[in-house]
Structures are given as structure tokens and as C-alpha cells.
Undergrad: 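Supplied in C-alpha cells, the structure appears directly below.
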Amino acid sequence: MLIPHDTRIALDTVVDLVNTAPESELPEDGPTDGLVDGPEDGLADLAALYAFAERHDISGVGTLGERDLNAVRDVRSRFAEVFAAPDARTAADLVNRIVAAAGTTPQLTDHDGYDWHVHYFAPDASLADHLAADCGMALAFIIVAGEQERLRRCEAPACGHAFVDLSRNRSRRYCSSRTCGNRLHVAAYRARRREAGS
């Protein structure tokens, strides 16, 4: 699946945004069939919001206030619904509503050392509208490609993080093979060793 550079950046951004929600994590001994409140919100305050914008090199952020923080949290929860959508039609409806509310204004731009790419947000857009437009269109790209099932949640019992499965055969089950995948493989190995020893 060939994904343009700017779309890939927006997909990484939306995944990180969804994973800042406290409900994106499960407790170690919690249920595996649904998400529950985790320990903390990755967008707990304005400092965290500024850090998020800086981490993703979001241009034109300007001065942010509580209204911006609440608006970004709202967009985050709507994106989480897309990752939980049971089918492409539901996901498409959710993305359409997110993008429409952002008032998209597609324009070609080349800035900060990046070649030509499309910004979907208006030049004076709020941070929430910026995220809604660009990240919403990146998710739209996945849905249009017939790949909605690539929008997943980690299957590790203590995780639940969102990710986009870009594996060739759509077989990725964990947000990170180094952490969640390895932890489950080690646990399964230890369980087999205990069983063999008894």
C-alpha cells in the first residue's frame, strides 16, 4: 500500500492523538474486550498540548488556551470512534462529519523543507480544526483504499492503543512488537514452561 509522505505523517499524528486519551490504556489485570479509564490523560493541560504540537511539528499553532485544549480533546474522542468503527461505512460517516466540521480548505504548500503536499485546513484554522482536517483526510485515504480494517487497537490485554496496520498481509496485532508483542510472547513461553514442568 503506497501512502504519500504527508498522509503518513498525518496517520502517525492521529494515532498519537488517540493514544493520549486516558481510556486508550487498560490496567495490567483489566478486561481485554473493551477500553477502560487509564491512569492519566496525555493532554492533561496546555503544556501537554503545546508539547504534542511540537512533537508533531504542527505549524502555525500560535497561542493556545483552554478552549483549544477542550476542542482537541473533542476531536480526539471523535477519532477514537473511527478506530472503533465496525465497518467502512460507519468509519466513512464519522470521518465525513469530522472533516466537514473542520471546514476543510485544500491547498498545495511546500514549507519547512518539505516538498509539495496538501494541507486540508484553512490558513487561520484552530489547532483542533487543523488536526481534524489533515488527520481526517489521512483516515479518509485509508477508507477509500478499502483498508478500514487496518485501523486497529492493540490486542495486548494491558494496552488497547490505536495503530494503523501497514503490514503487507494485515496481520499486525500489537501497537509495538518490541513491547506488547514481546511481553505476550514471553508470557506464553513462561506459561508453556510451567505447564511442561508440572
Undergrad: Using 4.0 Å as the upper bound for N to carboxylate O, is an ion pair formed by D93 and R89?
TA: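 No, no charged N to carboxylate O under 4.0 Å.
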Undergrad: Is there a donor-acceptor contact under 3.5 Å linking the side chains of T90 and D87?
TA: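 Yes, side-chain donor-acceptor contact under 3.5 Å.
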Undergrad: Among all residues two or more places apart in sequence or in another chain, which pass the salt bridge (charged side-chain N to carboxylate O under 4.0 Å, His left out) test with D74?
TA: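 By the salt bridge (charged side-chain N to carboxylate O under 4.0 Å, His left out) rule, D74 matches R78.
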Undergrad: Report the residues that fulfil ring-ring contact (aromatic ring centres under 6.0 Å, His included) with F163, sequence neighbours left out, ordered by chain and then residue number.
TA: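 In terms of ring-ring contact (aromatic ring centres under 6.0 Å, His included), with neighbours along the sequence ignored, F163 is linked to no residue.
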Undergrad: Hey, are D41 and R73 close enough for a salt bridge, meaning a charged N less than 4.0 Å from a carboxylate O?
TA: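 The answer is yes: the pair qualifies as a salt bridge.
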Undergrad: What distance separates I58 CD1 from T13 OG1, expressed to the nearest 0.5 Å?
TA: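 Answer rounded to 0.5 Å: 5.5 Å.
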Undergrad: Taking ring-ring contact (aromatic ring centres under 6.0 Å, His included) as the definition, give me every residue that meets it alongside F83, ordered by chain and number, with sequence neighbours left out.
TA: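 With neighbours one apart ignored, the set is empty.
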Undergrad: Do L166 and L139 sit in one hydrophobic cluster, given that two such residues count as connected whenever their side-chain heavy atoms are within less than 4.5 Å of each other, even indirectly?
TA: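 Hydrophobic grouping puts L166 with L139.
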Undergrad: Quick test of your reading of the model: are D165 and R152 salt-bridged, counting only N-O distances below 4.0 Å?
TA: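 Salt bridge: yes.
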Undergrad: Less than 4.5 Å apart, any side-chain heavy atom of F121 and any of D129?
TA: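 Not touching, per the 4.5 Å side-chain cut-off.
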Undergrad: Step by step, work out the side chain to side chain contact (heavy atoms under 4.5 Å, CB included) result for V15 and N19.
TA: CA-CA 6 Å; V15 164; N19 289 337; 3.5 Å; yes
Undergrad: Taking D68 for the side chain and G65 for the main chain, is one N or O donor matched with an acceptor at less than 3.5 Å?
TA: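 Yes; judged by distance alone, with no hydrogens or angles, the pair exists.
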Undergrad: Quick check: does any side chain N or O of R150 sit under 3.5 Å from a backbone N or O of S167, one acting as donor and the other as acceptor?
TA: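 Present.
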